[in-house]
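The model shown is predicted, which means the values in this text are computed figures rather than measured ones. Order of the sequence lines sets the chain letters (A, B, ...), proteins ahead of strands, with each chain counted from 1.
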Number of protein chains: 2
Amino acid sequence: MSGARIPEATVARLPVYLRALNAMHEAGTTTCSSLELAQAAGVNSAKLRKDLSHLGSYGTRGVGYDVGYLRYQIAREIGLTQDWPVVVVGIGNLGHALANYSGFSSRGFRTVALLDGDGTRLGEHVAGLRIRGFDDLDEVVAEHGVVIGVIATPASGAQEVADRMVATGIRSILNFAPTILTVPEGVDVRRVDLSSELQILAYHEQRKSGGERGLPASVAHELAEAVDDVAAVAAPSTEQTAGQAAGARR
Amino acid sequence: MSGARIPEATVARLPVYLRALNAMHEAGTTTCSSLELAQAAGVNSAKLRKDLSHLGSYGTRGVGYDVGYLRYQIAREIGLTQDWPVVVVGIGNLGHALANYSGFSSRGFRTVALLDGDGTRLGEHVAGLRIRGFDDLDEVVAEHGVVIGVIATPASGAQEVADRMVATGIRSILNFAPTILTVPEGVDVRRVDLSSELQILAYHEQRKSGGERGLPASVAHELAEAVDDVAAVAAPSTEQTAGQAAGARR
DNA sequence: AGGAGTTTGTGAACGTGCGAACAAACTCGG
DNA sequence: CCGAGTTTGTTCGCACGTTCACAAACTCCT
Ligand SMILES: NC(=O)c1ccc[n+]([C@@H]2O[C@H](COP(=O)([O-])OP(=O)(O)OC[C@H]3O[C@@H](n4cnc5c(N)ncnc54)[C@H](O)[C@@H]3O)[C@@H](O)[C@H]2O)c1
Ligand SMILES: NC(=O)c1ccc[n+]([C@@H]2O[C@H](COP(=O)([O-])OP(=O)(O)OC[C@H]3O[C@@H](n4cnc5c(N)ncnc54)[C@H](O)[C@@H]3O)[C@@H](O)[C@H]2O)c1
């Protein structure tokens, strides 16, 4: 049972369940039904039960789930019984925030190094860690056995950083830069794309506020080129082409 | 055609296509095939064509797509021909990074206000905006016609912030706090959950490294309670219960 | 003009995911 | 011990998403 493959959609929800269980545990709850847990996690109760059934049969009919037990089982399945060393590359606006974020360390991840390509940042201390040069990557990875890398550089440098990470043996990458990374098979990349999230919200928002439609295609076609440089459509993204857009931090 | 409903999976990919098209446009490319665009976006070319076919028939067989034209059509479909005023609540580590992020403004979104519940931050200036009190929410929303809100507060305050946002008329929320928000029907919430992303990576990573399995369930059950307080499993998340974990910023 | 080559748009097959519904397994009270 | 009530685990039908494969539509060269 616990060797079988777990559907990707289920894997993506396990962290949510785990968090809900942790909250219950802290509230002193020792037992919960699938309905309670499902509501806390914001999903259908049938879906929750099916998800959990992929891990094994850890509930008791007529009773529910033991919070502590289920918590352990999910943590084990995700791999949080060990903690994972993580390296963050690109200590700008976002990198600083990530370095200071306590939510990682408290959930099974340990930031072991902060790297930046910009020499002027070297030596600066953030959250108790000294910023080191990007060239130290191999050393850091070897020393701590890092397998997860976080990229918080501008898009222009992200692919290069990813290539170097892969070369050093990192096989899981969390990418905040708005680019699609090309990596060899066997390397996992998850992308966190805030602009996309906002754009998806905007799409739905537009649908809600009555559907005032755009121009007919015939007219639009003629306007297309003219509109190219209008900021609202899609202003030249500084970071897609040009070197890092060093926004004035702080 | 352009009134029909677009599948959610497609909507989520449109921003990626748009970004790829913008990059091509800046590189001087005026035409591209579905294969080129698909590779730039990291998807199958058939999927790309089907996605685009939901918007209309904007390509030319034997030729491909006109970059400028397609760019306009996608931007229009998403609703980026106007720009959207956005309010950010919770100007801590992450809020500062978001405020300084140029990628939003350059992609059709305009941060019109930064709000924080902590009185001591009031008056501080970030990225040209003065931090205002959370109580100014109604005023800000009314003044700028805000419909999109970003929550970057600790989890403990997120639901309250969301409630207030909904009360003022905001119907789209981007939530960075690790909580499931409860909102009325008609309000969209998108969650960006960095810990979950890392945990998903960890799950796959664990599978890659030779699947050394956990303990048998029988033994695990006895250990479950003992293991509760081991940090690696899931240390008490400071922000789930306690008030804001004011990590030392800067 | 016509044929060869190219590329889109879409129909059809396949796989995955979701939700309702229900039998099996448990508790509890008498 | 039994029957009523509760809750899990699973089965089934359906909707959605993905990929293949190909006809239709276009360009270009002769
Ligand atoms: N700031 C945000 O809130 C935010 C939001 C969404 C996405 N992002 C994305 O996250 C990334 C970082 O954003 P930011 O605002 O922190 O940018 P930033 O410019 O403030 O920081 C980038 C850092 O990366 C370093 N860097 C650049 N190239 C490098 C390289 N090749 N190797 C190593 N280090 C390198 C720079 O020295 C700099 O310190 C960007 O891709 C941005 O699009 C940021
Ligand atoms: N920092 C990161 O890199 C990071 C990464 C992932 C997720 N997050 C999440 O983003 C959120 C913010 O993280 P952070 O590191 O910026 O935290 P932070 O503690 O640095 O900042 C939180 C800010 O929100 C304000 N605040 C608290 N309660 C409020 C309320 N009810 N109304 C208005 N403002 C309120 C506080 O005054 C503070 O300025 C947290 O939920 C965190 O889990 C942060």
Side-chain angles (χ1 to χ4, degrees), chain A residues 1-2 4-14 16-17 20-21 24 29-71 73-74 77 180 200 203-204 217 221, chain B residues 1-2 4-17 20-21 24 29-67 69-71 73-74 77 185 200 203-204 217 221:
Chain A
M1 167 65 77
S2 83
R5 182 188 142 277
I6 296 180
E8 194 53 38
T10 296
V11 172
R13 282 187 294 266
L14 290 181
V16 181
Y17 302 154
L21 286 167
M24 287 180 181
T29 313
T30 60
T31 286
C32 72
S33 69
S34 66
L35 187 65
E36 290 169 305
L37 184 51
Q39 284 173 346
V43 300
N44 187 296
S45 74
K47 190 177 351 189
L48 170 81
R49 288 199 299 276
K50 188 175 294 186
D51 281 343
L52 295 186
S53 76
H54 286 114
L55 313 190
S57 190
Y58 298 139
T60 309
R61 298 174 191 221
V63 180
Y65 300 92
D66 180 281
V67 171
Y69 183 45
L70 186 56
R71 207 162 78 96
Q73 291 299 339
I74 294 181
E77 194 66 43
I180 304 299
I200 294 167
Y203 169 82
H204 292 297
H221 204 164
Chain B
M1 167 63 80
S2 84
R5 182 187 141 278
I6 296 181
E8 194 53 37
T10 297
V11 172
R13 282 187 293 265
L14 290 181
V16 181
Y17 301 154
L21 286 167
M24 288 179 180
T29 313
T30 60
T31 285
C32 72
S33 69
S34 65
L35 187 65
E36 289 169 305
L37 184 52
Q39 284 173 346
V43 300
N44 186 297
S45 74
K47 191 180 341 194
L48 170 81
R49 288 198 300 275
K50 183 156 289 189
D51 282 343
L52 294 186
S53 76
H54 287 113
L55 312 190
S57 190
Y58 298 139
T60 309
R61 299 175 190 220
V63 180
Y65 300 92
D66 180 281
V67 172
Y69 183 45
L70 186 56
R71 207 162 78 96
Q73 291 299 339
I74 294 180
E77 193 67 43
E185 195 166 6
I200 294 167
Y203 169 82
H204 292 297
H221 203 164

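Here the two rings, on B:Y65 and B:Y58, have centers that are 6.0 Å apart or farther.
Scored by the side chain to side chain contact (heavy atoms under 4.5 Å, CB included) test, A:T30 finds no partners at all (sequence neighbours excluded). Every residue meeting the side chain to side chain contact (heavy atoms under 4.5 Å, CB included) condition with B:S33, not counting sequence neighbours, appears here in chain and number order: B:L35, B:E36. Partners of A:I200 under the side chain to side chain contact (heavy atoms under 4.5 Å, CB included) rule, at least two apart in sequence or in another chain, are A:H204, B:E8, B:V11, B:A12, B:P15, B:R190. In this structure, the side chain to side chain contact (heavy atoms under 4.5 Å, CB included) partners of A:K47, at least two apart in sequence or on a different chain, are A:R13, A:V43, A:N44, A:D51.
Here A:S57 reaches the OP1 or OP2 of D:dG9: one of its side-chain N or O atoms lies under 4.0 Å away. An OP1 or OP2 oxygen of C:dT7 is reached within less than 4.0 angstrom by no side-chain nitrogen or oxygen of B:S34. Not one side-chain nitrogen or oxygen of B:Y65 sits closer than 4.0 Å to the OP1 or OP2 atom of D:dC26.
The separation between A:Y58 atom OH and D:dT7 atom C1' is 19 Å, rounded to whole Å. Between A:E36 atom CD and D:dT6 atom C1' the separation is 12 Å, expressed in whole Å. Atom P of nucleotide C:dT10 and atom CG of B:L55 are separated by 12 Å, given to the nearest angstrom. At whole-Å resolution of the value, CG in B:L48 and C1' in C:dT8 are 11 Å apart. The NE2-C1' distance, from A:H54 to C:dT16, rounds to 11 Å in whole Å. Taking atom CG on B:L35 and atom P on C:dG5, their separation rounds to 19 Å, with Å as the unit.
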| How does protein contact run along nucleotides 13-21 of chain D, one letter per nucleotide 5' to 3', with B for base contact, S for sugar-phosphate only, - for none, heavy atoms under 4.0 Å? | ----SSBBB

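Residues B:V67 and B:T31 have side chains not in contact (no heavy-atom distance under 4.5 Å, counting atoms from C-beta outward). Counting heavy atoms from C-beta on, the side chains of B:K50 and B:T10 never come closer than 4.5 Å. In this structure, the side chains of B:T29 and B:L21 stay at 4.5 Å or more apart for every pair of heavy atoms.
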| said: Checking B:T60 against B:D66 for the side chain to side chain contact (heavy atoms under 4.5 Å, CB included) test, could you report, in this order, the C-alpha distance in whole Å, the side-chain angles of both residues, the deciding distance, and whether it holds? | reply: CA-CA 8 Å; B:T60 309; B:D66 180 281; over 6 Å; no

Hey, what are the protein-to-nucleotides 27-30 of chain C N/O distances that come in under 3.5 Å?
none

